[in-house]
Amino acid sequence: QTPLVDSGGGLAQPGGSLRLSCATSPSIFNSYAMGWYRQVPGKQREYVASMSADGTPHYTDSVEGRFTITRDSAKNTIYLQMNELKLEDTAVYYCKADRGIDCSWGSGAQVTVST
């Protein structure tokens, strides 16, 4: 059992869109910085996007302008809206909750971009 539940992965064509969700508990949502990472087999897990405590979004430059991270405090959930998908976006995407002294990972959501 994990405190982070990832969902919303799937298959999309290049140029298409997908939306990922990460549901958390109120204690996690209100105390941890939230973000998204992705990993391709044989490569290191890489940072994608995050949300500062003040609500400011941050992105790696490869997704800037295409992906949008948002949060819904009423649902204790963060989202990653993925637009203009490219083949190289194919990966397993992981939600992360981090407060420095500890962190938690979601189980991962497969995103496949293919023709």
Side-chain angles (χ1 to χ4, degrees):
Q1 189 172 16
T2 177
L4 308 179
V5 180
D6 302 330
S7 63
L11 176 65
Q13 295 185 342
S17 298
L18 290 171
R19 190 188 195 193
L20 304 180
S21 299
C22 176
T24 72
S25 67
S27 60
I28 293 293
F29 188 85
N30 293 325
S31 301
Y32 290 72
M34 306 297 297
W36 293 94
Y37 289 69
R38 65 187 180 187
Q39 187 169 25
V40 176
K43 297 182 65 177
Q44 296 295 116
R45 188 171 298 182
E46 66 174 354
Y47 167 83
V48 176
S50 61
M51 181 74 73
S52 298
D54 65 359
T56 303
H58 304 274
Y59 306 95
T60 188
D61 57 7
S62 65
V63 308
E64 179 72 41
R66 300 189 297 117
F67 292 8
T68 304
I69 185 172
T70 58
R71 65 185 181 187
D72 186 338
S73 59
K75 297 181 179 180
N76 303 302
T77 299
I78 64 166
Y79 305 91
L80 186 67
Q81 179 66 46
M82 308 165 62
N83 297 328
E84 303 174 39
L85 285 164
K86 303 177 179 180
L87 296 178
E88 54 264 40
D89 293 321
T90 296
V92 177
Y93 285 71
Y94 297 90
C95 179
K96 183 183 181 182
D98 191 348
R99 62 174 178 175
I101 60 175
D102 62 353
C103 64
S104 298
W105 293 94
S107 60
Q110 177 68 52
V111 171
T112 302
V113 184
S114 175
T115 59

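Please read these numbers as outputs of a predicted model, since none were measured by experiment.
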Euclidean distance, [Y] [atom2] relative to [X] [atom1], rounded to 0.5 Å:
X: Tyr37; Y: Ser50; atom1: OH; atom2: OG; value: 7.0 Å
X: Trp36; Y: Cys95; atom1: CH2; atom2: SG; value: 5.0 Å
X: Arg38; Y: Leu80; atom1: CZ; atom2: CG; value: 9.5 Å
X: Cys103; Y: Ile28; atom1: SG; atom2: CD1; value: 10.5 Å
X: Glu64; Y: His58; atom1: CD; atom2: NE2; value: 11.0 Å

Would a distance-only check, ignoring hydrogens and angles, find a side-chain to backbone donor-acceptor pair under 3.5 Å from [X] to [Y]?
X: Thr77; Y: Lys75; value: yes
X: Thr112; Y: Thr90; value: no
X: Tyr32; Y: Asp102; value: no

Taking salt bridge (charged side-chain N to carboxylate O under 4.0 Å, His left out) as the test, write out the residues that go with Arg66, two or more places apart. Asp89
Looking only at heavy atoms, which two atoms of [X] and [Y] are closest? And how far apart?
X: Val113; Y: Leu85; result: CG2-CB, 3.9 Å
X: Phe29; Y: Asn76; result: CD1-C, 3.6 Å
X: Arg99; Y: Ser31; result: CB-O, 3.8 Å

Are Val40 and Val111 grouped together when hydrophobic residues (ILVMFWY) are joined by side-chain heavy atoms under 4.5 angstrom apart? no
Same cluster (ILVMFWY, side-chain, under 4.5 Å), Tyr79 and Met51: no
For Gln44, does the CD atom sit with more than 12 other heavy atoms under 6.0 Å from it, leaving out its own atoms? no
Phe67 vs Tyr93 aromatic rings, parallel, tilted or perpendicular, using cut-offs 30° and 60°? tilted
Could you give the side-chain donor-acceptor pairs of residues 3-21 under 3.5 Å, partners two or more places apart or in another chain?
residue, atom, partner, partner atom, Å
Asp6, OD2, Ser107, N, 3.4
Asp6, OD2, Gly108, N, 2.9
Ser17, OG, Asn83, OD1, 2.8

